[in-house]
There are 2 protein chains.
Amino acid sequence: MEEQLSIAQTSQKFNIAASTLRYYEKIGLMDPVEKNASGHRIYKEKDFRRINFIKTLREAGVTVEQIKTYVDLFHEGEHTIPQRKQLLIEQLHLLQKQADNLLHVIDDLKDIIQNYEDTLVKREMDQRRKNRT
Amino acid sequence: MEEQLSIAQTSQKFNIAASTLRYYEKIGLMDPVEKNASGHRIYKEKDFRRINFIKTLREAGVTVEQIKTYVDLFHEGEHTIPQRKQLLIEQLHLLQKQADNLLHVIDDLKDIIQNYEDTLVKREMDQRRKNRT
DNA sequence: TTAGTACTTAAAGTTAACTTTAAGTCAACC
DNA sequence: GGTTGACTTAAAGTTAACTTTAAGTACTAA
């Protein structure tokens with residue numbers, strides 16, 4: 001049988017607050033989630049896939065609005081495939097820039113840390129010299 | 001002579017709004033900037049270096065608050081070097097995680113784009129076959 | 001001397017992305 | 001039949017990081 005989870009369980013599974021899941025649905029990032037007889041949400045495989053998609057992009061810094069644009073195109077059907085592809089390519093370029101910058105900053109930070117390290121080592125050597133005299 | 005720029009010029013040089021420069025100063029990311037006789041800010045080399053530091057980290061997603069913590073330690077003097085080093089190392093780990101995730105997302109996006117590409121190519125081939133009959 | 005431009009400050013406003021609150025429904029257990 | 005717990009919605013609140021506004025000062029050119 002297909003896995004079916006409550007909002008609390010889904011929240012746990014993806015480590016996303018239940019309120020956030022409702023929020024994503026409200027603003028149209030998630031399609032309306034199926035409800036049981038008492039009106040509680042039942043999340044299924046297709047929802048999980050969507051949540052993963054959203055989470056991944058969000059963690060990479062893609063805005064909710066941009067994801068919404070994509071999802072909207074998705075709903076418009078197959079004829080939007082070229083636009084969707086274009087949109088993803090643009091997003092890809094942005095992320096590549098971001099990754100590039102990040103790697104530079106990481107290098108810079110390593111340098112600064114190394115400088116501190118050098119300072120500390122030099123200090124300790126001075127200390128030892130003092131102790132010897 | 002040392003380069004001296006007005007807030008407007010500095011804003012241009014770094015592509016950061018003048019209001020943002022004032023804001024950074026107000027919250028203590030920047031040290032109080034020197035002023036001329038009529039109370040206008042004069043930015044100099046040491047300010048440029050600080051602005052660069054802030055800009056680089058901000059672009060990598062480091063929060064203003066975290067940068068503030070670092071700057072505060074800096075002001076406390078040399079004895080905070082071990083703490084500063086520790087702080088930067090932690091930040092470095094975070095950024096490395098972020099870069100890692102970003103590279104994964106980039107790969108995922110490339111896959112999705114390739115799928116769209118395949119779909120489009122397949123469509124065109126179907127179209128040609130139709131035209132031939 | 002007046003107009004314009006470039007600044008100044010303090011305070012209020014904005015935006016994105018949630019998060020919290022308030023009030024209510026429903027099924028299960030005591 | 002009352003209480004508990006897991007949900008529901010709509011609306012209000014929060015936070016970070018700016019950005020805008022309002023009111024004022026100072027130099028410069030006409």
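Chain naming here is simple, since letters A, B, ... match the order of the sequence lines and numbering starts at 1 in each.
- Counting heavy-atom neighbours within 6.0 Å of A:N15 CG, excluding the residue itself, gives a total of 12 or less.
- Annotation: of the two residues near DNA chain D, A:K26 and A:I42, the 5′-most nearest-nucleotide partner is A:I42.
- Which of C:dT9, D:dT20, C:dA17 sits closest to the side chain of A:R58 comes down to C:dA17.
- When distances are taken from the side chain of B:E65 to each of C:dC26, D:dT8, D:dA16, the shortest belongs to D:dA16.
- Among the nucleotides C:dT20, D:dC27, C:dA17, the one closest to any side-chain atom of A:T63 is C:dA17.
- The CD-C1' distance, from B:E34 to C:dC7, rounds to 16 Å in whole Å.
- Each of C:dA11, D:dA6, C:dC7 was ranked by its minimum atom distance to the side chain of A:H40; first place goes to D:dA6.
- Using a 4.5 Å cut-off on side-chain heavy atoms (C-beta onward), B:D118 and B:Q114 make contact.
- The residue A:A17 sits close only to the backbone: its heavy atoms come under 4.0 Å of sugar-phosphate atoms, none of a base.
- As rounded to whole Å, 8 Å separates atom P of D:dT19 from atom OH of B:Y24.
- Taking each heavy atom of A:Q9 and A:L5 in turn, the nearest pair found is OE1-CA, 3.4 Å.
- Comparing D:dC7, D:dC18, C:dT19 by their nearest atom to the side chain of B:Y23 picks out D:dC18.
- Residue contacts for B:A8: at a heavy-atom cut-off of 4.0 Å it reaches the sugar-phosphate backbone alone, with no base atom in range.
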Could you pull out every donor-acceptor pair under 3.5 Å between side chains of residues 88-108 of chain B and any protein atom, sequence neighbours left out?
residue: B:E90; atom: OE2; partner: B:Q86; partner atom: NE2; Å: 3.4
residue: B:Q98; atom: NE2; partner: B:A60; partner atom: O; Å: 3.3

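- For the pair B:L21 CG and C:dT8 P, the computed distance is 10 Å after rounding to whole Å.
- Nearest nucleotide to the side chain of A:T20, out of D:dA26, D:dC7, C:dC18: C:dC18.
- Rounded to an integer number of Å, the gap from CD1 of A:I54 to P of C:dA17 is 12 Å.
- With distances taken from any side-chain atom of B:S6 to the nucleotides C:dC7, D:dC7, D:dA17, the minimum falls on C:dC7.
- You'll find that the side chain of B:K35 is closest to C:dT9, out of C:dT9, D:dC18, C:dC7.
- If you check every strand for non-hydrogen atoms under 4.0 Å, B:S38 touches sugar and phosphate atoms only.
- Here B:R41 lies in heavy-atom contact (under 4.0 Å) with sugar-phosphate atoms only.
- Closest to the side chain of A:V64, from the set D:dC7, C:dA17, C:dC26, is C:dA17.
- Here C:dC7 is the nucleotide among C:dT19, C:dC7, D:dT8 with the atom lying nearest to any side-chain atom of B:I7.
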(request) Check the pair B:T80, B:Q83 against side-chain hydrogen bond (donor to acceptor under 3.5 Å, both in side chains), reporting the backbone distance first and the verdict last. (result) CA-CA 5 Å; B:T80 66; B:Q83 281 153 273; 5.5 Å; no
